[in-house]
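A short worksheet on the structure shown next.
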Amino acid sequence: MERYRIRTDAVVYFVTYSIVDWLPVFVSEQACKIVTDSFSFCHGQKNLRINAYVIMPTHLHAIVFDKNFDSKSLEKTLFDFRKFTGRQLSDYCMQHAPPCFVATLKAAASKDRERRFWQSSRHPEAIETEAFWKQKLDYIHENPCRKGLVTRGADWRFSSARYFVSDGRENGDVEISALDWG
């Protein structure tokens with residue numbers, strides 16, 4: 001049972017979705033676009049708001065909330081997002097990834113599916129203070145730098161860092177929704 005859960009008394013969350021066996025699927029623009037397009041769909045159709053995100057080669061992090069600050073709705077949307085992207089990304093791997101990736105996804109399958117893309121935990125952490133939000137925001141934006149992929153977080157395409165560096169003038173692939181801690 002997952003230790004971290006979405007609670008009814010918290011509305012903003014830091015989430016992590018990791019690919020099974022840390023497969024580097026997100027080295028492809030097409031795979032990353034599956035995630036960003038799904039974020040956009042959930043923004044427009046399911047009230048999901050993305051405050052910050054980064055897609056790394058093996059995982060993604062995001063700070064998310066429901067437009068109406070409804071934690072139950074957020075939980076359902078994140079479940080749908082995970083299910084949809086897992087299926088789409090598994091299909092993508094079946095067509096474009098090396099055979100060893102496909103074998104890994106199939107080996108991770110459970111009784112109710114023939115393959116598994118995401119690791120079982122999404123590790124939601126409630127963000128209840130501006131200080132904790134800032135810590136997670138910095139962690140997200142510095143992740144590509146820590147891994148040696150870029151020297152400045154704003155240079156990583158699949159990240160919200162550019163939005164924050166430009167004071168909200170540049171959205172990139174995903175519409176970013178600000179949080180007011182005032």
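These numbers were taken from a predicted model, which means no experiment stands behind them.
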Q) What distance separates C145 SG from R152 CZ, expressed to the nearest 0.5 Å? A) 9.0 Å
Q | Interatomic distance, L105 atom CG to L23 atom CG [nearest 0.5 angstrom] | A | 6.0 Å
Q. Given side chains that start at C-beta, do those of P144 and V54 come closer than 4.5 Å, heavy atoms only?
A. yes
Q. Measuring from I50:CD1 to C42:SG, what's the distance to the nearest 0.5 Å?
A. 7.5 Å
Q. Taking all non-hydrogen atoms of both residues, which atom of R157 and which atom of R162 are closest, and how far apart?
A. CA-NH2, 3.5 Å
Q: Check for a donor-acceptor pair, side chain of T36 on one end and backbone N or O of K33 on the other, with a separation under 3.5 Å.
A: yes
Q: Kindly state each residue pair satisfying salt bridge (Lys or Arg N to Asp or Glu O under 4.0 Å) with at least one member in residues 90-102, sequence neighbours excluded.
A: D91-R115
Q.
Looking at Y139, I'd like to know if the NZ or CZ of R146 sits under 6.0 Å from its six-membered ring centre while staying within 45 degrees of the ring's axis.
A. yes
Q) So do the side chains of H59 and N143 get within less than 4.5 Å of each other, counting heavy atoms only? A) yes
Q.
Rounded at 0.5 Å granularity, tell me how far OG in S160 sits from CD1 in I140.
A. 6.0 Å
Q. Can any side-chain N or O of N171 pair as donor or acceptor with the backbone N or O of I176 at less than 3.5 Å?
A. yes
Q: Test L78 against L48 for side chain to side chain contact (heavy atoms under 4.5 Å, CB included), laying out the working first.
A: CA-CA 8 Å; L78 291 176; L48 180 66; 4.3 Å; yes
**Q.** side-chain hydrogen bond (donor to acceptor under 3.5 Å, both in side chains) contacts in which one or both residues fall within residues 62-71, not counting sequence neighbours
**A.** D66-S73
(Q) Counting C-beta onward and ignoring hydrogens, is there a side-chain heavy-atom pair between V25 and C93 closer than 4.5 Å? (A) yes
**Q.** Y53/I63 under side chain to side chain contact (heavy atoms under 4.5 Å, CB included): CA gap, chis, key distance, verdict
**A.** CA-CA 6 Å; Y53 80 100; I63 296 174; over 6 Å; no
Q) ring-ring contact (aromatic ring centres under 6.0 Å, His included) with F69: which residues, sequence neighbours excluded? A) F65
Q.
Give me the atom names and distance for the closest heavy-atom approach of F132 to A126.
A. CE2-O, 3.3 Å
**Q.** L60 CG to S159 OG distance, which is reported to the nearest 0.5 Å
**A.** 11.5 Å
Q. Got a sec, which pairs hit side-chain hydrogen bond (donor to acceptor under 3.5 Å, both in side chains) with one end in residues 96-109, sequence neighbours left out?
A. none
Q | Pairs involving residues 8-23, ordered by first then second residue, that meet side-chain hydrogen bond (donor to acceptor under 3.5 Å, both in side chains) (sequence neighbours left out) | A | R7-D9, T16-H61
Q) Side-chain donor-acceptor pair under 3.5 Å between W181 and T129, yes or no? A) no
(Q) With heavy-atom distances below 4.5 Å as the criterion, would you say the side chains of P57 and L149 are in contact? (A) yes
Q. Is V11 close to L74 at the side-chain level, that is, under 4.5 Å between some pair of heavy atoms?
A. no
**Q.** P124 side chain reached by V15 side chain, heavy atoms, under 4.5 Å
**A.** yes
**Q.** Spatial distance of atom CG (D173) from atom SG (C32) [nearest 0.5 Å]
**A.** 9.0 Å
Q. For the ring pair F81 and F41, is the centre-to-centre distance below 6.0 Å?
A. no
**Q.** Shortest non-hydrogen separation from F117 to S90 and the atoms involved
**A.** CB-OG, 3.4 Å
Q. Would you say R113 and R87 make side-chain contact, with heavy atoms under 4.5 Å?
A. no
Q) How far apart are the closest heavy atoms of V165 and A154, and which atoms are they? A) CG2-CB, 4.0 Å
Q. Just wondering, are more than 12 heavy atoms of other shown residues or ligands nearer than 6.0 Å to CZ in F84?
A. no
Q | SB check E175 R49 (cutoff 4.0 Å) | A | no
Q. How about V12 and L179: do any of their side-chain heavy atoms sit closer than 4.5 Å?
A. yes
(Q) Strictly by ring-ring contact (aromatic ring centres under 6.0 Å, His included), give each pair with a member in residues 152-179 just once, sequence neighbours left out. (A) H141-F164
Q: Take L89 and V35 through the test side chain to side chain contact (heavy atoms under 4.5 Å, CB included) and record every step on the way to the result.
A: CA-CA 9 Å; L89 289 161; V35 172; 4.1 Å; yes
Q.
Looking at every non-hydrogen atom in both residues, tell me the closest pair between S121 and R82 and how far apart they are.
A. O-NH1, 3.8 Å
Q: Is it possible for you to say whether V102 and Y92 belong to one hydrophobic cluster, with membership spreading through side-chain heavy-atom contacts below 4.5 Å?
A: no
Q) Which atom pair, heavy atoms only, marks the closest approach of F26 to A31? A) CE2-O, 3.8 Å
